Amino acid sequence: MKQKNIVVIGNGMVGYKFCEKIITKSDEFNIIIFGEEPRRAYDRVHLSEYFNGKTAEDLSLSTEDWYSANKISLYLHDPVKEIDRDSKTVHSSKGLTLKYDYLVIATGSAPVVPDIPGIDKEGVFVYRTIEDLGLIKNYAAHAKTGTVLGGGLLGLEAAKALIDLNLAETNVVEFAPRLMPRQIDSAGSEMLQNKLKALDLNVYTSKGTSSIEGVDRIASLKFNDGSELKTDMLVISAGIRPRDELAKLSGIEVGTRGGIIVNEYMQTSDPSVFAIGECALFDHNIYGLIAPGYEMAEVAAARLCHDNKTFKGFDMSTKLKLIGVDVASFGDPFTSEPDARTILFEDSHKGIYKRINISNDGKYLLGGILIGEAEAYNMLLQTVNNKILLPPNPEDLILGSRGGSSQTENTGLAGLPDDALICSCEGISKAAICNAVTENACESVDAIKKCTKAGTGCGGCIPMVKDLMLHTMKQNGKYVRNVVCEHFQLSRQELYDLIKIHNLKSYEQVLDNLGKGDGCEVCKPLVSSLLASLWNDMILKKGNDTAQDSNDRFLANIQKGGTYSVVPRIPGGEITPEKLVIIGQVAEKYGLYTKITGGQRIDMFGAHLSDLPLIWGELIAAGFESGHAYGKALRTVKSCVGSTWCRFGLHDSVSYAIRIEERYRGLRAPHKLKSAVSGCIRECAEAQSKDFGIIATEKGWNLYVCGNGGSKPQHALLLAADVDSDTCIKYIDRFLMFYIRTADPLTRTAPWLNKMEGGMEYLKNVVVNDSLGMAAQWELEMQTLVDGYQCEWKTAIEDPEIRKRFSHFVNAPEEKDPSVKFDEMRGQKKAANWTMA
């Protein structure tokens with residue numbers, strides 16, 4: 001049988017997905033695809049990661065030979081210019097004329113560029129392709145201020161890109177009175193705006209741009225209200241318009257406001273021509289997310305293979321992390337009284353806003369909005385889509401369980417119907433994932449990805465895919481272990497115990513005795529951390545020197561521009577004038593940028609690799625030691641001045657902070673540790689935002705644990721009240737050893753506690769009441785680590801073999817990296833902005 005020709009116009013994500021779908025369904029077609037861009041289809045969903053080091057090849061959806069291996073003819077940088085429906089041919093810009101039996105238009109969308117005077121000036125960009133990003137990156141190297149026109153999803157993605165380019169100032173200008181007006185309400189937008197302001201992003205809403213000022217290049221934006229905003233560059237992200245011009249020229253029916261009109265099979269007014277993705281108009285809607293585009297590709301491929309699958313519209317719920325802030329909306333986020341009842345939770349301190357809309361009878365969830373914390377998104381979306389009955393107290397959905405009687409996570413998963421759509425990008429159901437586990441022995445997320453393709457699109461469903469996998473394994477009677485990686489079929493805690501039992505002292509010994517293969521970048525730093533936590537050996541000891549995190553390898557944080565930081569320990573923030581002078585002299589001698597941190601230390605930035613041993617030699621000679629700012633270890637123990645100087649102070653918080661810091665300095669753990677000691681309840685040292693914090697009381701000390709600041713702040717909880725100094729330290733010993741033994745890699749104490757069955761009550765029983773009978777052993781193990789402490793930098797500069805590694809060029813140890821460049825800033829130097837070659 002003669003093969004029929006399918007010509008695909010557009011080699012974006014949706015066009016590529018159509019090809020992927022059709023070749024799995026039939027081999028009766030000859031597929032030809034035309035792409036406008038000079039490169040193969042790539043991942044536009046994660047396009048902004050281009051600024052974080054990903055290359056165009058990293059973002060590519062396929063290997064170079066994928067098309068030829070699947071007998072697909074690919075013409076890049078050759079857009080179709082004309083469709084002749086009478087002769088069923090297409091004509092490309094490079095002069096190709098090809099016949100088709102079926103035509104699939106997947107031309108996507110183009111950015112809306114408003115007709116503003118000055119829009120064609122130098123320094124004005126759109127944010128759509130890798131080429132656009134390359135132009136933005138080059139121009140930003142010589143700019144200080146950047147502005148994005150548009151405060152929707154793509155606009156905030158573009159703003160994140162400008163922030164990643166280290167501009168001194170980034171602005172977002174939105175015509176509407178709020179950010180993301182199609183996804184979130186006014187209160188949610190205000191919360192999001194406040195969070196973004198805290199991240200040094202300036203937001204201007206209700207601003208209409210009247211002109212772009214400047215001679216040849218942009219200098220400022222003028223607004224309709226007469227105000228003006230100075231800027232060196234502008235990125236346009238004011239919406240999209242469907243690329244329907246080819247269809248319109250060929251006489252195919254399009255909508256009055258754009259878009260190629262399609263039926264439920266993705267057929268246009270010409271039955272042999274299909275349209276999919278952002279160029280298609282279905283039931284008066286353009287779908288601007290990747291998941292509906294993939295579903296359209298599946299429907300069109302099915303129709304061509306004589307399957308009557310139809311497109312029924314698509315849920316536009318979405319969850320994103322915008323500039324480090326979780327933002328999600330699902331179902332109908334805006335419905336309100338009298339059509340529904342609304343439950344709101346707002347925490348302006350932590351920047352969290354949650355809204356759920358429920359039916360008037362209280363039985364069903366209709367939709368909602370999550371800002372700042374969106375872990376519950378997947379389950380909430382499933383609750384809406386599958387019309388799952390709500391619990392008696394629906395506020396528990398956003399406030400969490402209270403009283404110990406709420407529905408558990410596993411019960412929620414078990415309650416989902418088999419046809420519940422878990423991965424909307426690939427159309428993968430709960431049943432498909434569970435079957436992959438039961439029938440195909442897929443017992444890792446990677447295995448499920450390969451088997452079903454779930455989680456390979458936007459990736460938002462991966463947490464639920466993992467939960468379903470574990471739930472199914474447990475139902476099948478499998479012992480579920482959170483193994484380290486393919487080289488160690490052991491959990492972190494099992495590995496910790498076995499290393500201790502077998503007295504293993506190096507990564508090679510651990511791999512030979514307990515693992516297999518050559519190891520990887522997951523298990524190497526993890527094993528290194530365990531060895532350091534158990535034996536307190538020098539982190540760069542021979543035998544472990546290939547197993548470190550990147551920062552450990554040079555005992556310094558690797559900073560922007562190829563330089564390194566120098567952070568000496570200053571226990572309790574107490575420092576003599578003589579030592580302050582030494583820091584000043586060293587910083588001046590080696591040309592270092594200096595900054596006092598919130599953790600009561602002085603950081604020095606901009607050190608060359610070869611200068612690190614020289615700098616530390618001078619600091620150690622003056623009595624300083626490593627501050628472990630580079631390690632998964634204790635960072636600082638912050639303190640107020642306490643009773644020494646403060647009229648409110650109850651105890652000497654400085655002396656106790658120094659005692660605490662000198663006890664736990666160098667302690668290696670699953671994640672960094674921070675602590676603080678406050679001399680009274682006024683809490684000037686912010687002890688309740690630390691992994692363990694201590695506050696003076698009239699009877700002794702209150703010990704709080706499992707708090708942290710950062711992107712997901714959490715208050716520490718009271719572990720013990722009114723204890724004396726020695727007892728407090730005993731409890732800290734036990735707490736830290738329990739954490740080190742049981743926490744997963746890169747898990748801070750707050751999420752470790754959140755996942756702990758029994759929560760704080762269980763932790764109190766273990767640490768204070770010694771319910772496991774481990775207290776004496778843990779205290780002894782901690783004392784062994786304390787007694788074995790060594791300053792890693794002191795050891796490093798005294799060991800000739802270790803010193804050798806601090807050279808940029810092996811054959812010229814004294815020569816510095818010539819690519820390191822600096823700019824002047826406020827009388828000091830800073831790393832020059834990165835530029836694209």
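No experiment lies behind these values; they were computed from the predicted model shown.
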Take E36 and R243, measure what salt bridge (charged side-chain N to carboxylate O under 4.0 Å, His left out) needs, and give me the verdict at the end.
CA-CA 12 Å; E36 185 175 39; R243 294 282 302 273; 3.3 Å; yes
Could you go step by step and tell me if K312 and T310 meet the side chain to side chain donor-acceptor pair (under 3.5 Å) rule?
CA-CA 6 Å; K312 300 179 175 67; T310 59; 3.1 Å; yes
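Checking Y42 against E37 by side-chain atom types alone, a donor-acceptor pair falls below 3.5 Å. With 3.5 Å as the limit, one finds a donor-acceptor pair spanning the side chains of D185 and Y353.
Using a cutoff of 4.0 Å between basic side-chain nitrogens and carboxylate oxygens, E426 and K17 are scored as salt-bridged. In summary, D164 and K160 engage in a salt bridge, as defined by a charged side-chain N under 4.0 Å from a carboxylate O. E228 has no carboxylate O lying under 4.0 Å from a charged side-chain N of K230, or vice versa, which leaves the two without a salt bridge.
Counting heavy atoms of neighbouring residues, nucleotides and ligands inside a 6.0 Å radius, atom CD of E64 does not exceed 12 of them. For D225, the CG atom counts as densely surrounded, since its 6.0 Å shell holds more than 12 non-hydrogen atoms of other residues, nucleotides or ligands. The number of heavy atoms from other shown groups lying within 6.0 Å of NZ (K4) does not exceed 12.
Here the side chain of E278 pairs no donor or acceptor atom with the backbone of G108 at under 3.5 angstrom. S60 places a side-chain N or O within donor-acceptor distance of the main-chain N or O of S62, the cut-off being under 3.5 Å. Within the 3.5 Å criterion, the main-chain N or O of A110 finds no donor-acceptor partner in the side chain of R128. A donor-acceptor pair under 3.5 Å is formed between the side chain of T268 and the backbone N or O of V273. Side-chain N or O atoms of R355 include one that pairs as donor or acceptor with a backbone N or O of F334 at under 3.5 Å.
You'll find the side chain of I212 reaches within 4.5 Å of the side chain of L234, heavy atoms only. Counting only heavy atoms from C-beta outward, the side chains of N171 and T145 approach each other to under 4.5 Å.
Checked against a 6.0 Å centroid threshold, the rings of Y67 and Y75 do not count as neighbours. Under the 6.0 Å cut-off for aromatic ring centres, F311 and Y265 do not qualify, their centroids lying 6.0 Å or more apart.
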Side-chain polar contacts of residues 246-254 - donor-acceptor pairs under 3.5 angstrom, sequence neighbours left out - could you list them?
{"residue": "S250", "atom": "OG", "partner": "L246", "partner atom": "O", "Å": "3.4"}
{"residue": "S250", "atom": "OG", "partner": "A247", "partner atom": "O", "Å": "2.9"}

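Remark: R178 engages no residue in a side-chain hydrogen bond (donor to acceptor under 3.5 Å, both in side chains) (not counting sequence neighbours).
Counting only residues at least two apart or in different chains, ring pair (Phe, Tyr, Trp, His ring centres under 6.0 Å) contacts with residues 86-134 comprise F125-Y139.
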